[in-house]
Amino acid sequence: MAAAAPVAPPDLAGSNKGVKPLRAGQGHSFLWRRLHSLSGIIPIGAFLVEHIVSNFETWNGPLAYAQQVKLLNSLPLVRFLEWGLIFIPLAFHALYGVWISFRGRVNVNVYPWASNWMYITQRVTGIIALAYIIQHVVRQRFMGVQLPEHPGAAFAKVQHELSNPWMLAIYVVAMIATTWHFAYGIWLFCAKWGITPGDKARKRMGYACAGIGSVLCLMGLISIYAVVYKYPNVPQDVMPEQPAGVTLPAPNIAPPNSTNPSQPGEIR
């Protein structure tokens with residue numbers, strides 16, 4: 001009895017009856033997701049670390065913070081760096097991340113696993129961070145006094161914004177959400193790019209990412225505390241040299257000593 005000839009799989013290459021399966025390393029979705037993951041670390045993640053470290057100068061006082069702002073704005077090609085390495089990559093990462101978030105399904109009610117909770121938390125913190133970054137950039141970079149030209153006004157400008165209790169609460173929540181999003185993003189990046197193969201490597205990386213996120217979050221919260229409570233009532237501009245167009249408040253000059261009229265007034 002003759003054996004039946006094996007049935008050849010249907011050829012779908014030239015027909016419209018099916019779609020080729022998506023394989024690892026193929027397709028536009030794979031490429032866009034890899035670029036999305038990479039942009040979250042370089043350059044956006046690098047900028048976030050630099051931004052938090054720079055803002056930590058508020059702990060050393062308004063003048064130290066003003067000098068830091070002046071230094072950053074004196075970098076060569078600073079506007080090219082601002083748009084090419086911050087605004088444009090951030091727009092891509094944010095818009096594609098929102099698209100991924102609204103395409104995904106939330107199933108923690110059916111599968112309450114830790115990975116599913118981390119998935120939804122990453123999406124929620126990303127949306128919170130995006131909303132905060134938009135208002136922060138618009139208000140601090142493009143509204144009011146221009147900090148690139150008047151770095152001495154940076155401390156007072158932030159302090160004025162945080163004088164609103166609601167805005168202060170937004171800053172605190174956003175700092176926690178942003179650092180969480182970045183820390184878990186590092187873990188996802190290492191897992192997706194094959195840097196941490198195996199459960200043990202990913203577990204150790206999880207501890208490292210938790211430490212990185214905690215340190216950055218603490219530094220950010222300390223910076224907020226310094227602006228609001230440590231240095232209250234900061235002058236409009238604190239730079240030793242007065243930038244053009246910014247009026248410094250008049251110093252508080254005490255009257256001459258009545259017992260010694262020849263003694264000049266004391267500047268407090």
Side-chain angles (χ1 to χ4, degrees), residues 29-30 32-53 55 86-141 158 161-162 164-193 195-196 199 202-203 205-225:
S29 177
F30 179 86
W32 289 121
R33 286 178 179 268
R34 283 294 185 268
L35 290 176
H36 178 259
S37 176
L38 181 62
S39 64
I41 305 299
I42 303 172
I44 299 174
F47 168 72
L48 175 65
V49 173
E50 182 279 323
H51 193 61
I52 291 178
V53 172
N55 287 343
I86 301 174
F87 291 153
I88 295 177
L90 180 60
F92 163 73
H93 186 83
L95 294 177
Y96 193 73
V98 170
W99 184 76
I100 292 175
S101 299
F102 283 98
R103 286 186 73 247
R105 288 185 176 182
V106 178
N107 59 0
V108 291
N109 57 329
V110 180
Y111 304 104
W113 300 331
S115 59
N116 283 347
W117 278 110
M118 299 291 275
Y119 173 88
I120 188 174
T121 304
Q122 184 72 349
R123 269 58 188 172
V124 171
T125 55
I127 293 175
I128 293 174
L130 175 60
Y132 162 75
I133 290 171
I134 291 175
Q135 72 84 29
H136 180 69
V137 171
V138 170
R139 292 169 67 95
Q140 292 295 322
R141 177 64 180 86
V158 178
E161 183 174 11
L162 294 184
N164 185 331
W166 288 104
M167 189 57 66
L168 175 60
I170 290 174
Y171 264 62
V172 172
V173 172
M175 181 59 62
I176 297 173
T178 303
T179 51
W180 163 274
H181 188 82
F182 174 62
Y184 187 56
I186 297 176
W187 188 90
L188 288 175
F189 174 82
C190 293
K192 289 180 179 179
W193 288 77
I195 300 175
T196 54
D199 293 337
R202 292 176 182 177
K203 186 175 182 179
M205 179 57 66
Y207 290 131
C209 292
I212 293 172
S214 298
V215 170
L216 292 175
C217 183
L218 182 61
M219 292 178 65
L221 295 178
I222 289 175
S223 301
I224 295 174
Y225 173 85

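The analysis underlying the following values was restricted to heavy atoms, covering all of them including side chains, and did not include hydrogens, waters or symmetry mates.
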Could you pull out every donor-acceptor pair under 3.5 Å between side chains of residues 182-191 and any protein atom, sequence neighbours left out?
from	atom 1	to	atom 2	distance (Å)
W187	NE1	R202	O	2.8

Over all atoms of both residues, closest heavy-atom pair of T125 and H181: OG1-ND1, 3.3 Å
Hey, what do you get for CG (L216) to NE2 (H51), rounding to the nearest 0.5 Å? 12.0 Å
Going through the checks in order, is the side-chain contact (heavy atoms from CB on, under 4.5 Å) test met by L90 and F47? CA-CA 10 Å; L90 180 60; F47 168 72; over 6 Å; no
Please work out which of the three classes, parallel, tilted or perpendicular, describes the rings of F92 and H36, given edges at 30° and 60°. perpendicular
Any side-chain heavy atom of R33 sitting closer than 4.5 Å to one from I100? yes
Over 12 non-hydrogen atoms of neighbours within 6.0 angstrom of CD1 in I42: no
Could you check if a side-chain atom of R139 sits within less than 4.5 angstrom of a side-chain atom of M167, using non-hydrogen atoms only? yes
For the atom pair CD1 (I52) and CD1 (I222), what is the distance rounded to the nearest 0.5 Å? 11.5 Å
So how far is it from W32 CH2 to S37 OG, rounded to the nearest 0.5 Å? 14.5 Å
Which pairs of donor and acceptor atoms, one on a side chain in residues 168-179, lie under 3.5 Å apart (sequence neighbours left out)?
from	atom 1	to	atom 2	distance (Å)
Y171	OH	H136	ND1	2.9
Y171	OH	E161	OE1	3.0
T178	OG1	A174	O	2.7
T179	OG1	M175	O	2.8
T179	OG1	I176	O	3.2

If you measure from CD1 on I133 to CD1 on I128, what distance do you get to the nearest 0.5 Å? 11.5 Å
